[in-house]
Amino acid sequence: MRIVIELKRGSDPLIVLNNLYRLTSLQSTFSYNMVGILNGQPKQMGLKELLQAFLDFRCSVVERRARFKLSQAQERRHIVEVCVLIGFDNLDGVIRIIREASSNSAAAAGLRNAFSLSEKQAEALLDISLRRLSLRESGNFMAERKSLMEQISKLEELLSSRKNILELIEQEAIEMKNKFSNPRPSMLEDTDDGQLEDIDVIPNEEMILALSEKGYVKRMKPNTFNLQNRGTIGKSVGKLKVNDSMSDFLVFRAHDHVLYFSDKGTVYSARAYKIPECSRTAAGTPLVQILSLSDGERITSIIPVSEFAEDQFLLMLTMQGYIKRVSLNLFSSIRSIGIIAIQLVHGDELKWVRLCSNDDFVAMASHNGMVMLSQCTQIRTLGRNTRGALAMRLKKGDKMASVDIIPSAMWNNLETSSKFPGSNAKNQNGPWLLFVSENGYGKRVPLCSFRISSLNRVGLIGYKFSAEDRLAAVFVNGESDEQVVLISQSGTVNRIKVRDISIQSRFAREVILMRLDHSGKIQSASLISATDCEPEEVLTIAQG
């Protein structure tokens with residue numbers, strides 16, 4: 001029987017196969033009792049012990065077989081030597097003793113006394129028929145004696161070393177395989193234990209995660225929010241509890257390890273697919289049902305990790321401006337109750353966590369629009385249970401507002417383009433810093449307008465705010481197809497193209513990004529790439 005399953009376009013064959021393994025009898029799992037008789041006693045053994053016991057048994061069988069053959073060859077040589085050396089060389093004397101003897105026993109006794117023979121040798125000499133006394137038969141006895149000597153030598157060499165016995169066992173196993181081999185009807189696969197987990201049947205698709213201030217989280221499809229124009233109202237992210245507002249909004253894949261960092265400096269971990277998938281209008285799932293959060297603990301930063309690489313670090317920044325780097329490997333194994341990520345001073349809280357490498361740069365900004373750029377290598381790499389150093393010298397009443405990583409490749413391109421004449425502040429090729437204010441305004445400022453400085457500096461002004469406004473987020477933008485997702489306090493979401501946001505200088509006026517008539521202020525902003533979801537957006541717009 002041959003069964004062929006045809007899949008729909010876009011289906012993952014591995015996911016379908018894993019579902020067949022899990023839900024049908026295509027794959028069966030059974031247990032067995034590995035008890036064997038070892039040294040006369042029943043014993044439960046593992047696979048290695050069973051193989052070793054079988055190998056010891058085979059060595060014993062080969063050794064006893066060789067000793068038996070050696071004993072037989074030595075006995076036969078004992079007889080043949082009598083026939084060759086005595087029977088044929090003293091043929092007349094043997095015949096005379098036999099003729100003078102009155103009986104067989106007397107003849108055997110005479111031969112033993114005359115030629116110093118054993119009883120078996122004497123009996124063998126008496127059993128030789130007359131036809132075997134020819135010269136031809138004498139040559140046969142000589143050849144048999146030579147063959148016996150070679151056989152005895154080989155058997156003694158085999159028994160002299162266990163290595164020789166093991167080599168013979170291997171040779172016999174190969175001969176057995178070649179003689180009785182047939183194609184294997186089944187297939188051996190390198191798997192852990194044959195058991196399928198949830199991750200084996202869940203597609204590793206791109207998803208959107210939305211988190212509220214009161215700890216409600218939900219997972220949605222990327223095409224839940226259609227692309228819109230700059231300055232529009234946006235679409236609601238769904239129902240929110242009373243006095244709740246959106247906190248974070250990011251893109252990840254279903255198989256990622258999601259690291260949840262709380263305001264108390266603790267980090268938790270769970271697979272992304274553990275978050276229940278729901279519609280845009282659903283309220284979401286409380287994080288306390290997924291993580292072991294303490295009373296009053298809030299998740300302030302979420303980092304999806306697909307692989308814990310050795311050259312990757314986590315950059316942590318607190319509200320009061322303490323910053324440090326920690327190796328990503330230190331978070332590869334996290335207890336269910338969480339582990340300490342950073343030590344906090346009284347009244348401080350962990351607010352931002354970003355992935356970075358040694359070659360990257362970091363852009364930090366305060367609520368009042370002060371911006372400072374620094375190399376990641378200037379930030380010390382510390383352990384988890386440490387506080388870090390001051391990142392910026394904040395003015396009175398000012399606090400940290402946002403942080404983002406500048407990839408090394410982007411910075412190298414910036415340095416290359418700045419060497420050519422004709423470059424100015426309005427560099428149309430980027431990269432830029434994208435500013436988003438709480439009142440829904442924003443602009444892009446060329447990255448070349450800022451300079452690299454060491455830590456604990458005031459920085460340069462990047463955005464001039466009115467008295468009622470302040471900075472909500474800042475992003476490093478270097479791709480033309482990127483999009484920014486804005487979330488208001490009431491849960492309204494607007495997703496716009498970054499290239500529609502005008503490029504301005506550090507002191508120039510901003511443009512409106514999202515109208516916030518009755519939606520409060522901008523609560524969260526995220527920068528995403530549109531490469532993976534553009535076809536879905538085109539289809540959604542066409543159907544609308």
Any I405 side-chain heavy atom under 4.5 Å of V476 side chain
no
A108: what forms a side chain to side chain contact (heavy atoms under 4.5 Å, CB included) with it, not counting sequence neighbours?
R112, A122, E123, L126
Sorted by chain and residue number, the salt bridge (Lys or Arg N to Asp or Glu O under 4.0 Å) partners of R271 (sequence neighbours excluded) come out as none
Could you tell me whether F308 atom CZ has more than 12 heavy atoms of other residues or ligands within 6.0 Å of it?
yes
Check this for me: M149, atom CE, are more than 12 non-hydrogen atoms of other residues, nucleotides or ligands nearer than 6.0 Å?
no
Nearest 0.5 Å, please: how far is CZ in R380 from CG in L382?
5.0 Å
For N178, does the CG atom have more than 12 heavy-atom neighbours from other residues, nucleotides or ligands under 6.0 Å away?
yes
Main-chain N/O of E157 paired with N164 side-chain donor or acceptor, under 3.5 Å:
yes
Going by the rule side chain to side chain contact (heavy atoms under 4.5 Å, CB included), which residues pair with K48 if we only count those two or more places apart in sequence or in a different chain?
none
So, using salt bridge (Lys or Arg N to Asp or Glu O under 4.0 Å) as the criterion, who are the partners of D348 when residues are at least two apart?
none
Got a sec, which residues hit salt bridge (Lys or Arg N to Asp or Glu O under 4.0 Å) with E119, two or more places apart in sequence or on another chain?
none
All pairs passing salt bridge (Lys or Arg N to Asp or Glu O under 4.0 Å) where residues 53-68 contributes a residue, at least two apart
D56-R162, R58-E172, E63-R67, R65-E172
